[in-house]
Amino acid sequence: MTDRIRSTNVRFNLDKEIPAQAWQYLQTMDRQGFKSYSQVIAAALVDYFDRYYKSREDPYLETREREEQFVQQIVSAVEKSMEKALPAFLAGCMAGLSKSNAAVPPAESPATDPDADVDWDFLGE
């Protein structure tokens, strides 16, 4: 199994912003989620290069992702608002239906000819 393991050294120049920030992330990483530096660095490299190559193939990838995220935020906000407002709206509708049904007299059955009120002249001769 040792022939499947590769070893390398990584140096972080703490005088430079990005390496210093990377080192800080390694020092404060969640030890429950990431068991080792190797696991974190491997995951970060795969994520970085996957995104890098996808963006080279599709320059609008990041824009579409942001748009999809924005749309999802809108949908979530509307869903939350509907969850709050729908019960009151439906209760109002039901109350309005019960009042309107009580106030409207029952429909009378039409006289003998149901087509008596239709103007058939629009059909022409």
Side-chain angles (χ1 to χ4, degrees):
M1 174 143 164
T2 57
D3 61 331
R4 302 295 303 156
I5 296 175
R6 300 293 184 256
S7 180
T8 188
N9 291 329
V10 178
R11 293 180 320 146
F12 296 96
N13 184 346
L14 301 182
D15 292 333
K16 295 184 179 182
E17 182 181 351
I18 291 177
Q21 187 177 8
W23 178 251
Q24 187 61 36
Y25 281 140
L26 286 175
Q27 299 308 303
T28 60
M29 72 181 184
D30 177 17
R31 296 287 182 171
Q32 300 301 319
F34 301 103
K35 301 298 181 188
S36 67
Y37 289 161
S38 296
Q39 183 184 13
V40 171
I41 291 171
L45 285 170
V46 168
D47 184 58
Y48 176 83
F49 281 107
D50 280 350
R51 180 169 288 284
Y52 173 77
Y53 290 124
K54 284 179 186 176
S55 67
R56 278 185 43 195
E57 294 169 6
D58 183 4
Y60 299 109
L61 175 69
E62 188 173 310
T63 303
R64 271 198 316 280
E65 286 177 343
R66 279 189 291 198
E67 288 174 354
E68 289 171 4
Q69 183 182 13
F70 180 63
V71 168
Q72 186 58 39
Q73 288 174 340
I74 292 171
V75 168
S76 296
V78 169
E79 286 175 348
K80 287 178 185 176
S81 296
M82 288 301 294
E83 286 175 2
K84 291 178 183 175
L86 192 59
F89 174 75
L90 290 176
C93 287
M94 296 303 289
L97 287 176
S98 66
K99 288 180 183 177
S100 64
N101 286 344
V104 175
E108 297 179 15
S109 61
T112 56
D113 187 12
D115 296 331
D117 294 335
V118 178
D119 183 13
W120 294 102
D121 290 338
F122 71 91
L123 292 175
E125 294 182 30

Salt bridge Glu65-Lys54, side-chain N to carboxylate O under 4.0 Å: no
Quick check for you: to the nearest 0.5 Å, what is the distance between Thr63 atom OG1 and Glu68 atom CD? 11.0 Å
Here the pair of heavy atoms bringing Met82 nearest to Pro87 is O-CD, 4.3 Å
Minimum-distance pair of heavy atoms, taken over all atoms of Gln32 and Lys35: O-NZ, 3.5 Å
For Leu14 and Pro19, work out which heavy atoms get closest and say how close. CD2-O, 4.4 Å
Should Leu26 and Phe12 count as side-chain neighbours, where that means a heavy-atom distance under 4.5 Å? yes
Can you confirm whether more than 12 heavy atoms, excluding those of Glu17, are under 6.0 Å from its CD atom? no
Which label fits Tyr52 and Phe49: parallel for a plane angle under 30°, tilted from 30 to 60°, or perpendicular past 60°? perpendicular
Joint hydrophobic cluster, Ile18 plus Trp23, side-chain heavy atoms closer than 4.5 Å: no
Report yes if the side chains of Met29 and Tyr37 come closer than 4.5 Å at any heavy-atom pair, otherwise no. yes
Membership question, hydrophobic clusters at under 4.5 Å side-chain separation (ILVMFWY): are Val75 and Val78 in the same one? no
Any sub-3.5 Å donor-acceptor pair from Arg31's side-chain atoms to Thr28's backbone N or O? no
May I ask whether Val46 and Phe34 are part of the same hydrophobic cluster, defined by side-chain heavy atoms of I, L, V, M, F, W, Y residues being less than 4.5 angstrom apart, directly or through others? no
